[in-house]
**Q** 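If you scroll down you'll find the structure; I have some questions about it.
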Amino acid sequence: MRVVVLAPIDNSPFGISVAELCRREPGVVVAAVIVREILNWKRLRSELRRDGVRLVRKAWRKLVVRAAAREAKCERSFYDVVTELGLEERSLAGWARRHGVTFLKVPDHNDPRAIELLRRSGPEVVAFTGGGLVRRPLLEASGRGIFNTHMGVLPSYRGMDVVEWPLLENRHESVGLGVTLHFMDAGVDTGPILAIRRIPLRTGDSMERLRTRFEPVMVEAMLDGIRAARDGELTPRPQAAEAGRQYFVLHPRLYQRARARLAEVARSAAETVE
Amino acid sequence: MMRSLLRDRLGPRVEALFDRLEQGVAPAAHRALAQALLASRTCVDAAAATSAAAGLADDLAAWWRAALEGGSTGARAVEAPPGCLSDDPDCLWRASQEEGAPGIVDLLTLLPRPSTNLAQEVGLAEKLGAVAGGQPFREDALAPEAPAASLLLLAAQRAGGLSAASSAKLVRELSEGLPPRRWFVRAGTPRGTANLLRSLIAAGLPEADELLERLLRHVEIRREEALRLRTPGSVGQENLERLRYTLALLEGAAWRRDLRFLNAALKLNDAHLLTLRRTRGQGPLRNRLELHYLASVALQERELRELAP
């Protein structure tokens, strides 16, 4: 089964983990890797508009001081997955070169060159590891579809900051926190659901620790989906439009309240097993 | 080595800077501007041309002060002054044209909740019905009387001057010429629709749900480009409509207990503060802007305490 991996940047640890695990998976071939240019004015402007200072902080922490991984040392992260895989390369370009996989860097995944490469590669599925919105032509060139691992429980929590919103709305128990593997469609997180994996809260959790805990689960969920596609065992469940709501980036005042709620809840959280 | 230098030496300072920047507009900034506006009383006094309006303006200012300071506002109900709905609907109609200083009609729309002073319907329903019959809010064009109609309807609802049945009937008649998909479009938003949405919410009509959802997506996605007016007026008129839409989001948040609407309103109010600080000006429009800002920030603070304690 042929798979194409889409990644947000060349050294995306999520992207490279998925690419390598697909490569190692019997019956799966990585046909191409397509990454987005990071130093692209249009992208920077669009992401800054959406995420503001949080984006700059995220970049600072990830690229300069690796602070997220340090703070959440007790949690396995994308970086740990990459390390465990024993990969020498940290860049998808290097990885693709080593393994003879077609590599393309574009300003946006919806770029005509990316769509043309997808058509030529003929994937059965596409693994999306981040990088913005996908539009109809990209969806149509992606075989059965594009897998996405959304950091919220669908259909209830679509959109942004969906780790924080359930805490703020006090629905972290009734709906739960978790990763949803789903097919992407033209809507925002409205595509058919393939699997949901719950993420437990633990005593002493901070937002950074909690979000880090999502990372290896996202990798596992993506690979499980790819295996299921290979084995003909996908069972997509369509989402009703009215079954969930779209959420947006939290205003700092509500974000602080979500953090405070987490601190309260995590003081006495016991790990629950799904 | 460079990385560890950055991390160890600069890291804490950079993190502190990010904390400050992420905070965005500090709550204290809103309180400071609001308190300055309440202290100067320019906009409040501008609306106090009649004794009924003066009393209401004072009551509203006290409610806003209490809401901003975190005091209890629940026990304090701001009621429409008895008899404020004149038995001369034409007088009220003229007052809703917004060509002069803000007055009783404007203040009534800023009541934090509908008054329980159920005043007699005094020809308002007929007057508004006559306007609504002409479908002032239409897909293809906005009639000149549309903004005044929605303003007067909202004022009457807030004052308790319309029965629930009249209220629902009138707001449906006013809005039926403009389908929801035509409210928030690139060509612009029709002026006066913010008060129309507030009227739909006040009447508790389900049509408001779809509009609130569309509004939410529009302001969250379009950001500073959101809520441009279809018929270009002044920047001040556009800002006034935006403030009214912020009130609609806050009222929608309280109605449906939906924090997403409060979230969007918080962002909009931050933008309003920056606009008010950046722009100068005097006169009726400025006074209206300041009154609406006060109402919006006060309601925001109350809802933060109630919906997201």
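Please read all numbers here as calculations on a predicted model, not as lab measurements. Labels below follow one simple rule: chain letters A, B, ... track the order of the sequence lines, proteins then strands, and each chain is numbered from 1.
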**Q** Using non-hydrogen atoms only, which part of B:Ile221 is less than 4.5 Å away from chain A: side chain, backbone, both, or neither?
**A** both
**Q** Among A:Arg245, A:Gln246, A:Gln256, A:Glu169, which residue has the highest count of heavy-atom pairs closer than 4.5 Å to chain B?
**A** A:Arg245
**Q** Do other residues, nucleotides or ligands put more than 12 heavy atoms under 6.0 Å from B:Glu139 CD?
**A** yes
**Q** Using a 6.0 Å cut-off, check whether atom CD of A:Glu88 has over 12 heavy atoms from anything other than its own residue.
**A** no
**Q** Let me know if B:Arg217 has heavy atoms under 4.5 Å from chain A in its side chain, its backbone, both or neither.
**A** both
**Q** Begin with the C-alpha distance, continue with both residues' side-chain angles, and end with the deciding distance and a verdict on side-chain contact (heavy atoms from CB on, under 4.5 Å) for B:Glu220 and A:Val249.
**A** CA-CA 8 Å; B:Glu220 288 281 10; A:Val249 172; 5.7 Å; no
**Q** Using 4.0 Å as the upper bound for N to carboxylate O, is an ion pair formed by A:Arg253 and B:Glu301?
**A** yes
**Q** Less than 4.5 Å to any heavy atom of chain A: does that hold for the side chain of B:Leu304, its backbone, both, or neither?
**A** both
**Q** So A:His251 and B:Asp270, do their side chains get closer than 4.5 Å, heavy atoms only?
**A** yes
**Q** Do side-chain atoms of B:Asn263 reach the backbone of A:Leu254 as a donor and acceptor pair under 3.5 angstrom?
**A** no
**Q** Quick check: closest heavy atoms across A:Leu250 and B:Lys267, and the distance to 0.1 Å?
**A** C-CE, 4.5 Å
**Q** Is it the case that B:Arg260 places NZ or CZ above or below the six-membered ring of A:Tyr247, under 6.0 angstrom from the centre and within 45 degrees of the axis?
**A** yes
**Q** For B:Ala308, does its backbone N or O pair with a side-chain atom of A:Arg257 as donor and acceptor, under 3.5 Å?
**A** yes
